[in-house]
Peer 1: 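Shown below is the structure under consideration.
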Amino acid sequence: MKPIDLRSDTVTKPSVGMRRVMMDADVGDDVYGEDPTVNRLESLAAEMLGTETALFCTSGTQSNLLALMAQCERGDEYIVGQYAHTYRYEGGGAAVLGSIQPQPLDFEEDGTLNLKKVSGAIKPDDHHYARTKLFCLENTHMGKVLPIDYLKAAKNLADDKGLMMHLDGARVFNASVKLGVDVKEITRYFDTISCCLSKGLGAPVGSVLCGSVETIKKARRWRKLLGGGMRQAGILAAGGIYALTHNIERLKDDHANAMELAKGLARINGIEVNAKIVQTNILFADIKADMKKLCSFMKERGVIIDSSNHLRLVTHLDISEEDIEETLKAFREFLVKPF
Ligand SMILES: *Cc1c(COP(=O)(O)O)cnc(C)c1O
């Protein structure tokens, strides 16, 4: 039986159709710029996200780091959320490899950064301070979609203060599908956008960094330095093209499944979940139970979850409506007779 793995949307496996195009991909040496499939992916991503050009990266972590290093120099600073991936979950890469200082700020409930606080965190032009260069946002953040009006206001602030804008858009297509808008309505406010192909979009590997020719040229140089210059990477890029052409619209099914799961869980005694705040494919729940025991109980029933106290459940293209039913059944059984 196929496990119902709700830990992350990174666990998706390439579909038969995706594997077929990967196997048949035309390839060349991408370090020479000669891989036709990588070139095709980069043009497609740029066109879809509305930038001049794009760069195929090994991961979202690399893509975010390249965006920072291409736009900030040693002694520069980026403003970022306290729990943002680009600050908290990337090994301190910007500081370690870029000599770039983060200025973290607390997120608001809705996943935005308060623009008054952002403005207040911008350093004056004075030799005591790091030079504030870049403002980073994340969309979606913990499954939450940033309002378009907020993006507009953030961009106005950045323009006013001479900051560049980077979007960690690991799940930016979840945001556009949720809002029912072309993704460009979100990405147009940013100088650079990083988008994961390997999450809900279902590719096995890779992210794209989108931006101007000038910025992407710098990013390409840093990518080589970081060991990210890949050779016949068209095999991977083909999966990315397939992801961008087949797996975007269907994200709404993941959102619907997450909502069903949230509503079902909310009806179970002993589980706290606010279905109202579930917007896309990620939901959080609090359970009055020994999480280790819960995990092993669920595992016996084919459902894989993380054992952290604040339970995070993520739906994706390998999770069906029936899987949601099975999952709810298992949670119910566990909470009826907790042990
Ligand atoms: C997953 C993720 C990334 C990048 O992760 P990789 O595993 O390096 O591809 C970046 N930002 C956010 C918000 C993410 O969820």
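All values below were derived from every heavy atom in this structure, side-chain atoms included, with hydrogens, water molecules and symmetry-related copies excluded.
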Peer 1: I'd like to know whether OH of Tyr83 has more than 12 heavy-atom contacts from other residues, nucleotides or ligands below 6.0 angstrom.
Peer 2: no
Peer 1: Report the distance from atom CD1 of Ile4 to atom OG1 of Thr315, rounding to the nearest 0.5 Å.
Peer 2: 13.0 Å
Peer 1: With a 4.5 Å heavy-atom cut-off, do Ile324 and Ile319 have their side chains touching?
Peer 2: yes
Peer 1: Give the minimum heavy-atom separation between Phe107 and Ala84, together with the two atoms involved.
Peer 2: CE1-N, 3.5 Å
Peer 1: Within a strict 4.5 Å, meaning less than it, do heavy atoms of the Ile241 and Val21 side chains meet?
Peer 2: no
Peer 1: Between Arg40 and Asp35, does a salt bridge (charged side-chain N to carboxylate O under 4.0 Å, His left out) hold up when you go through it step by step?
Peer 2: CA-CA 9 Å; Arg40 205 148 55 83; Asp35 190 303; over 6 Å; no
Peer 1: Same cluster or not: are Met142 and Leu146 linked, directly or through other Ile, Leu, Val, Met, Phe, Trp or Tyr residues, by side-chain heavy atoms under 4.5 angstrom apart?
Peer 2: no
Peer 1: Look only at the side chain of Glu326 and the backbone of Glu322, and say whether a donor-acceptor pair between them is shorter than 3.5 Å.
Peer 2: no
Peer 1: If we ignore hydrogens and angles and just use 3.5 Å, is the side chain of Lys252 paired with the main-chain N or O of Gly180 as donor and acceptor?
Peer 2: no
Peer 1: Compare every heavy atom of Ser307 with every heavy atom of Met291, then report the nearest pair and how far apart it is.
Peer 2: CB-O, 3.4 Å
Peer 1: Would Met298 end up clustered with Ile282 when hydrophobic side chains under 4.5 Å apart are linked, directly or stepwise?
Peer 2: no
Peer 1: Consider only side-chain heavy atoms of I, L, V, M, F, W and Y, link residues closer than 4.5 Å, and tell whether Ile277 and Ile271 are in one cluster.
Peer 2: no
Peer 1: Using a side-chain heavy atom cutoff under 4.5 Å and only I, L, V, M, F, W and Y, what cluster partners does Leu68 have?
Peer 2: Leu55, Leu65, Leu66, Met69, Tyr78, Val80, Tyr87, Val96, Leu97, Ile100, Leu134, Met164, Leu209, Ile216, Trp222, Leu225, Leu226
Peer 1: Just by distance, do the side chain of Asp168 and the backbone of Ala170 share a donor-acceptor pair under 3.5 Å?
Peer 2: yes
Peer 1: Regarding Gln71 and Thr215, is there a side-chain donor-to-acceptor distance under 3.5 Å anywhere?
Peer 2: no
Peer 1: For the side-chain contact (heavy atoms from CB on, under 4.5 Å) test, which of Val177, Val172, Ile248 pairs with Val183?
Peer 2: Val172
Peer 1: List the residues meeting side-chain hydrogen bond (donor to acceptor under 3.5 Å, both in side chains) with Arg7, not counting sequence neighbours, and say none if there are none.
Peer 2: Asp5
Peer 1: Please name all residues satisfying side-chain hydrogen bond (donor to acceptor under 3.5 Å, both in side chains) with Asp126, sequence neighbours left out, ordered by chain then number.
Peer 2: His128
Peer 1: Can you confirm whether Glu73 is buried at CD, in the sense that more than 12 heavy atoms of other residues, nucleotides or ligands lie under 6.0 Å from that atom?
Peer 2: no
Peer 1: Do any side-chain atoms of residues 45-53 form donor-acceptor pairs under 3.5 angstrom with protein atoms, and if so which ones, sequence neighbours left out?
Peer 2:
residue : atom : partner : partner atom : Å
Thr51   : OG1  : Thr53   : O            : 3.0
Thr51   : OG1  : Gly211  : N            : 3.4
Glu52   : OE1  : Val213  : N            : 2.7

Peer 1: Roughly how far, to the nearest 0.5 Å, is the CD1 atom of Ile79 from the NZ atom of Lys161?
Peer 2: 10.0 Å
Peer 1: Got Ile186 and Asn139 here, is their nearest side-chain heavy-atom distance under 4.5 Å?
Peer 2: yes
Peer 1: Roughly how far, to the nearest 0.5 Å, is the CG atom of Leu151 from the CG atom of Leu167?
Peer 2: 7.5 Å
Peer 1: I'd like to check the side-chain hydrogen bond (donor to acceptor under 3.5 Å, both in side chains) partners of Arg19; sequence neighbours left out, ordered by chain and number.
Peer 2: none
Peer 1: Enter the distance from Asp191:CG to His166:NE2 here, rounded to the nearest 0.5 Å.
Peer 2: 10.5 Å
Peer 1: Can you list, pair by pair, the side-chain donor-acceptor contacts under 3.5 Å of residues 193-208, counting residues two or more places apart and other chains?
Peer 2:
residue : atom : partner : partner atom : Å
Ser194  : OG   : Ser63   : OG           : 2.8
Ser207  : OG   : Gly60   : N            : 3.1

Peer 1: Spell out, as yes or no, whether a donor-acceptor pair under 3.5 Å connects the side chain of Arg250 to the backbone of His246.
Peer 2: no
Peer 1: How about Lys224 and Val31: do any of their side-chain heavy atoms sit closer than 4.5 Å?
Peer 2: yes
Peer 1: In the hydrophobic clustering (ILVMFWY, side-chain contacts below 4.5 Å, transitive), which residues join Tyr129, or is it alone?
Peer 2: none
Peer 1: May I ask you to decide whether Lys292 forms a salt bridge with Asp290, counting only side-chain N to carboxylate O separations under 4.0 Å?
Peer 2: no
Peer 1: How long is the gap from OG on Ser176 to NZ on Lys184, to the nearest 0.5 Å?
Peer 2: 10.0 Å
Peer 1: Taking all non-hydrogen atoms of both residues into account, name the closest pair between Glu138 and Thr86 and its distance.
Peer 2: OE1-N, 4.5 Å
Peer 1: Tell me every residue that passes side-chain contact (heavy atoms from CB on, under 4.5 Å) with His310, counting only those two or more places apart in sequence or in another chain.
Peer 2: Phe284, Asp286
Peer 1: Quick one: which residue pairs count as a side-chain hydrogen bond (donor to acceptor under 3.5 Å, both in side chains) with a foot in residues 267-284, not counting sequence neighbours?
Peer 2: Asp9-Asn281
Peer 1: Please check if Leu313 and Phe334 belong to a single hydrophobic cluster, counting links between Ile, Leu, Val, Met, Phe, Trp and Tyr side chain heavy atoms closer than 4.5 Å.
Peer 2: yes
Peer 1: Looking at Phe297, I'd like to know if the NZ or CZ of Arg301 sits under 6.0 Å from its six-membered ring centre while staying within 45 degrees of the ring's axis.
Peer 2: yes
Peer 1: Enumerate the residue pairs fulfilling salt bridge (Lys or Arg N to Asp or Glu O under 4.0 Å) with a member in residues 212-222, sequence neighbours excluded, ordered by first and then second residue.
Peer 2: Glu42-Arg220
Peer 1: Which residue pairs satisfy the side-chain hydrogen bond (donor to acceptor under 3.5 Å, both in side chains) criterion with at least one member in residues 90-110, sequence neighbours excluded?
Peer 2: Asn64-Glu90, Glu77-Gln101, His85-Glu90, Gln103-Lys123, Asp110-Thr112
Peer 1: If you group Ile, Leu, Val, Met, Phe, Trp and Tyr by side-chain heavy-atom gaps below 4.5 Å, do Phe173 and Leu317 land in one group?
Peer 2: no
Peer 1: For Cys136 and Leu113, which heavy atoms make the closest approach, and how far apart are they?
Peer 2: O-CD1, 4.0 Å
Peer 1: Could you check whether any side-chain heavy atom of Gln232 comes within less than 4.5 Å of a side-chain heavy atom of Asp30, counting everything from C-beta outward?
Peer 2: no
Peer 1: More than 12 foreign heavy atoms under 6.0 Å from CD of Glu321: is that the case here?
Peer 2: no
Peer 1: Going by an N to O cut-off under 4.0 Å, is there a salt bridge joining Asp24 and Arg20?
Peer 2: no
Peer 1: Can you give me the closest heavy-atom contact between Ser15 and Tyr242, atom names plus distance?
Peer 2: OG-CE2, 3.9 Å
Peer 1: Apply side-chain contact (heavy atoms from CB on, under 4.5 Å) to Lys152 and list each qualifying residue two or more places apart in sequence or on a separate chain.
Peer 2: Ile148, Asp149, Tyr189
Peer 1: Output yes when a side-chain donor or acceptor of Ser320 lies under 3.5 Å from a complementary backbone atom of Asp323, and no otherwise.
Peer 2: yes
Peer 1: May I ask you to check whether Thr12 and His316 show a side-chain donor-acceptor distance below 3.5 Å?
Peer 2: no
Peer 1: Closest approach of Leu328 and Gly264, non-hydrogen atoms and distance?
Peer 2: CD2-C, 3.5 Å
Peer 1: Quick check: do Leu283 and Val273 have side-chain heavy atoms less than 4.5 Å from each other?
Peer 2: yes
Peer 1: Nearest 0.5 Å, what's the CZ-NZ distance between Arg188 and Lys155?
Peer 2: 10.5 Å
Peer 1: Would you indicate whether the side-chain heavy atoms of Val314 and Thr10 approach each other to under 4.5 Å?
Peer 2: no
Peer 1: Report yes if some heavy atom in the side chain of Leu6 is under 4.5 Å from a heavy atom in the side chain of Asp306; otherwise report no.
Peer 2: no
Peer 1: Please check if the side chain of Thr37 supplies one atom and the backbone of Asp26 the other of a donor-acceptor pair under 3.5 Å.
Peer 2: yes
Peer 1: Give a yes or no on this: more than 12 heavy atoms of other residues, nucleotides or ligands lie within 6.0 Å of atom NZ of Lys299.
Peer 2: no
